Every structure is written in structure tokens, then in C-alpha cells.
Asks: 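Structure incoming, see below.
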Amino acid sequence: MKVAVFSTKSYDRKFLEAANRRHGHDMVFFEPHLTDETTALASGFEALCVFVNDKLTSDVLKSLKEQGTKLVALRCAGFNNVDLIAASELGMTVVRVPAYSPEAVAEHTAALILSVNRKLHRAYSRVREGNFSLEGLLGFNLHNKTVGIIGTGQIGFAFAKIVTGFGCRVLAHDPYPNPECESIGVVYTEPASLFEESDIISLHCPLTPETRHFIDSEAIKKMKTGVMLVNTSRGAVIDTKAVIHALKSGKIGALAIDVYEEEGDLFFEDLSNEVIQDDVFARLLTFPNVLITGHQAFFTQEALQSIAETTLSNFTVYEQGGPCVNIITADRIKV
Ligand code: NAD
């Protein structure tokens with residue numbers, strides 16, 4: 001198939017080209033995000049390959065349809081950036097990579113928790129400057145703490161196994177409890193009691209209309225003072241302004257995030273010579289107890305290999321007219 005690949009970075013190209021030796025698709029790589037200003041690049045391509053910050057709004061999809069696009073392949077698990085209802089009305093097929101390496105994201109979540117708790121981000125800089133003072137680096141044991149997990153699908157389950165290994169008590173909330181989680185001792189509860197009882201709250205649900213700003217000022221009010229909040233799901237699951245307010249008051253004791261509501265204008269680019277225009281993000285950067293990574297939780301060799309292989313298989317199956325198990329439809333946004 002002739003495929004236009006958007007938001008291409010060197011690593012995407014490397015892993016997609018390696019996997020394509022087994023598939024033989026005709027891929028053309030574009031660096032820009034797919035937006036209403038760049039849809040013309042996709043003209044004449046039957047298939048597109050897009051990533052988390054490509055915006056497939058109803059208008060973008062209509063333009064793509066007029067240009068001949070039939071298939072949109074997300075090279076990620078999340079699908080909040082695609083108007084699935086519009087895609088369905090236009091008769092366009094949308095596929096994704098539902099599971100490439102849940103462990104990659106779960107392990108990064110654990111890395112964020114350990115780092116922000118034991119202040120590794122601060123200790124690293126101090127030691128390099130010859131400052132061996134321990135003032136301000138006090139952490140807490142994870143052992144015997146309560147971890148609350150919102151969303152216990154593949155990543156939430158992988159994360160539950162890790163924190164169970166640390167000796168944590170694990171609570172969870174998910175409209176569809178996962179029996180595998182229950183089998184390792186995870187206890188399902190309603191959000192209110194999860195908020196009240198958890199020392200660490202980690203988000204692993206998709207971004208949907210129901211989960212947008214799931215962590216808002218009302219939810220934060222119910223949490224323990226000094227709670228650690230961790231988000232490796234999608235930025236808009238938390239209301240960042242409410243979280244900043246709670247960081248200032250001390251209600252939230254630590255924040256570790258790999259995703260941010262307005263990350264589309266920031267993440268995946270080297271902006272080190274530019275002035276950050278997003279004042280909310282800039283404020284987050286000022287807190288000593290906030291650790292931010294730029295949407296890198298998925299970024300392991302195993303995950304990139306798996307993403308590339310599944311994405312290209314999705315094209316191959318579609319081209320051969322076979323049933324693709326990775327199709328994502330409008331009813332999924334109500335998950
Ligand atoms: P999954 O579909 O296996 O699991 C998601 C779980 O969330 C499901 O069990 C679902 O029932 C639950 N859920 C849905 N609505 C909920 C709600 N209102 N409250 C609580 N739980 C709810 O997905 P996954 O593979 O575990 O991925 C989860 C999310 O992680 C993805 O949607 C994506 O946004 C994010 N993600 C981030 C990265 C990264 O690099 N930071 C990488 C992959 C995925």
C-alpha cells in the first residue's frame with residue numbers, strides 16, 4: 001500500500017523501515033503533524049500512519065476522504081485524537097496498535113514514582129555539582145503504602161504487578177474490573193474511596209469524554225494531604241490548573257507526569273532555544289516536587305519493534321481484505 005507517515009522522527013523511520021522488509025509497503029515519511037494545514041501532503045495516499053498528536057478532526061477527515069484516503073492507522077494505543085464518529089460516517093477505517101508493550105509504560109510509571117519520591121531528579125544535579133547534602137531529599141518507603149490505579153487494562157495490570165512486588169496494597173477503579181488484577185490481590189472500589197485511601201494515585205485509563213478532567217478540584221479535595229499523583233495515560237485526564245493549585249497548597253505532595261493536556265505544541269521537539277509560551281506548563285516546571293517526561297513511557301526498543309510490526313500488519317491485512325482485529329470504532333469512545 002502507498003502510505004503517508006506523519007509526525008515522523010528518525011526512530012519511527014528506522015523501526016518502520018526494518019519491519020517493512022517483511023511487508024513491502026510503499027511508505028513516504030513526513031515530519032509535520034497531520035493538521036488541517038498539512039492534509040494536502042496526504043493527497044493520493046490510500047493509507048495514513050499517524051501518532052498521538054496528529055489531529056484527525058471531522059474537517060481533517062473530510063479533506064482526507066476527498067483526497068482518497070481510506071485507512072488511518074494509529075501507531076499508538078490511545079485514540080482520543082481521532083473523531084471516530086466522523087470517520088465512521090465517512091466510511092473510513094481506523095486501526096491502532098492496541099497492545100505493543102504495556103510493560104514499557106508500566107515500568108516508566110514505576111521509574112517516575114521512584115524518582116520523584118526519592119528526588120533522584122534533584123540528587124543527580126546536586127552530586128554532579130559536588131553538593132552531597134541530603135536536605136530536601138527525604139522520601140518514603142513504598143512498602144505497605146496504598147496505590148490507587150484508575151484503569152486496569154493492559155498497562156494498569158502490568159503496573160499493578162510491579163507495585164504488588166514492592167509490597168504495596170493496591171486499590172483500583174475501572175468500570176470493567178480485570179479478573180487478572182483481582183487474582184493478584186487488587187481490590188476494586190469507587191473513585192471516592194480510592195482517592196481517600198491512596199498514598200499514590202496512578203492513571204491508566206484512556207482519555208474519553210467521561211475521563212476528561214477526571215482528576216479535578218473535587219476529586220483532589222477527597223485525596224490525602226501529600227498524595228503523589230502520577231499520569232502516564234493522557235494529559236487531559238487531569239485538570240492541570242486544579243493540580244497546580246493543589247501543589248501550591250501542599251495538598252498534592254508530588255506530581256509525576258509523562259503526558260500533558262497541551263503537549264501537542266511542546267513534546268517530541270527540541271525547544272531548548274525557545275521561550276515556552278505555555279504559562280501553565282512553565283509553572284509546572286518551577287515546582288521541586290514535579291517530575292515531567294515528554295511522552296516517553298512507550299519508548300523502548302521492544303515497544304517500537306512491536307508498534308512497527310503491528311502497524312504494517314494492519315496495512316497488509318487491510319490490503320488483503322482480511323478481517324483486522326485492530327479496527328477501532330466509534331462505540332469505543334464510550335468505553
Ligand atoms: P486498555 O484499553 O487495555 O485499558 C484501559 C482501561 O481503562 C480499561 O480497562 C477500561 O475499562 C478502563 N477505563 C475506561 N474508562 C474508565 C474510567 N472512566 N475509569 C476508570 N477506568 C476506565 O488500555 P492500555 O493499553 O492499558 O492503555 C491505557 C492508556 O494509556 C491508553 O488509552 C493511552 O491513553 C495511554 N498510553 C500512554 C502511553 C505513553 O507513552 N505515555 C503509551 C501507551 C498508552
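Count residues from 1 along the sequence. Note that the structure is predicted; figures quoted are calculated from it, not measured.
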Asks: Going by the angle between their ring planes, with limits at 30° and 60°, are Tyr260 and Phe281 parallel, tilted or perpendicular?
Replies: tilted
Asks: Any non-hydrogen side-chain atom of Val60 less than 4.5 Å from a side-chain atom of Leu34?
Replies: yes
Asks: If we ignore angles and hydrogens, is there a donor and acceptor under 3.5 Å between the side chains of Asp59 and Thr57?
Replies: no
Asks: When you compare the side chains of Gln154 and His204, does any donor N or O come within less than 3.5 Å of an acceptor on the partner?
Replies: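 Judged by distance alone, the side chains do not pair up.
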Asks: Does any non-hydrogen side-chain atom of Met228 lie less than 4.5 Å from one of Ile113?
Replies: yes
Asks: Mark yes when over 12 heavy atoms from residues, nucleotides or ligands other than Lys251 sit less than 6.0 Å from its NZ; otherwise mark no.
Replies: yes
Asks: Between Thr286 and Arg283, does any side-chain donor sit less than 3.5 Å from a side-chain acceptor?
Replies: yes
Asks: Can a side-chain donor-acceptor contact be found between Asp54 and Ser7 if the only test is distance below 3.5 angstrom?
Replies: yes
Asks: Could you grab the distance from atom CG of Leu61 to atom NZ of Lys65, nearest 0.5 Å is fine?
Replies: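 Going from CG on Leu61 over to NZ on Lys65, the span is 10.5 Å.
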Asks: Does atom CG (Leu285) have a neighbourhood of more than 12 heavy atoms from anything else shown, all under 6.0 Å?
Replies: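 Yes, enclosed.
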Asks: Ignoring hydrogens and geometry, is there a side-chain-to-backbone donor-acceptor pair from Ser43 to Thr39 under 3.5 Å?
Replies: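 No, Ser43 side chain to Thr39 backbone: no donor-acceptor pair under 3.5 Å.
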Asks: Would you check if Leu112 and Thr232 make a side-chain contact, meaning some heavy-atom pair closer than 4.5 Å?
Replies: yes
Asks: If I take atom CD from residue Gln296 and atom CD1 from residue Ile292, how far apart are they, to the nearest 0.5 angstrom?
Replies: 12.0 Å
Asks: Answer yes if the ring centres of His173 and Tyr188 are under 6.0 angstrom apart, and no otherwise.
Replies: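 No - the distance between ring centres of His173 and Tyr188 does not fall below the 6.0 Å cut-off.
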Asks: Got Leu142 and Leu114 here, is their nearest side-chain heavy-atom distance under 4.5 Å?
Replies: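 Sidechains of Leu114 and Leu142: in contact.
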Asks: Could you go step by step and tell me if Val227 and Asp199 meet the side-chain contact (heavy atoms from CB on, under 4.5 Å) rule?
Replies: CA-CA 5 Å; Val227 65; Asp199 301 291; over 6 Å; no
Asks: We want to know whether Arg169 and Thr146 form a side-chain donor-acceptor pair, criterion being a heavy-atom distance below 3.5 angstrom.
Replies: yes
Asks: Quick check against the 3.5 Å criterion: does Glu319 have a side-chain atom that pairs as donor or acceptor with the backbone of Met1?
Replies: yes
Asks: Mind checking whether Arg234 and His295 have side chains closer than 4.5 Å, heavy atoms only?
Replies: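 With C-beta onward as the side chain, the pair touches.
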Asks: Any side-chain heavy atom of Glu263 within less than 4.5 Å of one from Asn53?
Replies: yes
Asks: With ring centroids as reference points, do Phe166 and His143 lie under 6.0 angstrom apart?
Replies: no
Asks: So, for Phe51 and Phe298, is the gap between ring centers shorter than 6.0 Å?
Replies: yes
Asks: Are any side-chain N or O atoms of Lys2 and backbone N or O atoms of Phe45, one a donor and one an acceptor, separated by less than 3.5 Å?
Replies: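 Flag not set: sc Lys2 to bb Phe45 has no pair under 3.5 Å.
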Asks: Test your reading of the model: is there a side-chain donor-acceptor pair from Ser249 to the backbone of Ala246, 3.5 Å cut-off?
Replies: yes
Asks: For residues Gly78 and Cys76, report the shortest heavy-atom separation together with the two atoms involved.
Replies: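 Result for this residue pair: O-SG, 3.4 Å.
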Asks: Might you work through the side-chain hydrogen bond (donor to acceptor under 3.5 Å, both in side chains) test for His23 and Thr316, ending with a clear yes or no?
Replies: CA-CA 7 Å; His23 292 272; Thr316 303; 2.8 Å; yes
Asks: Any side-chain donor paired with an acceptor under 3.5 Å for Glu309 and Ser313?
Replies: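 Yes.
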Asks: Measure from the side-chain N and O atoms of Ser115 to the backbone N and O of His121, and report whether any donor-acceptor pair falls under 3.5 Å.
Replies: no
Asks: For the residue pair Asp258 and Thr293, confirm or rule out a side-chain donor-acceptor distance under 3.5 Å.
Replies: yes
Asks: Do Leu284 and Ile244 make a side-chain contact, defined as non-hydrogen atoms from C-beta onward lying under 4.5 Å apart?
Replies: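 In contact.
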Asks: Hey, are the side chains of Glu197 and Leu171 touching, using non-hydrogen atoms and a 4.5 Å cut-off?
Replies: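 Contact flag for Glu197/Leu171 side chains = yes.
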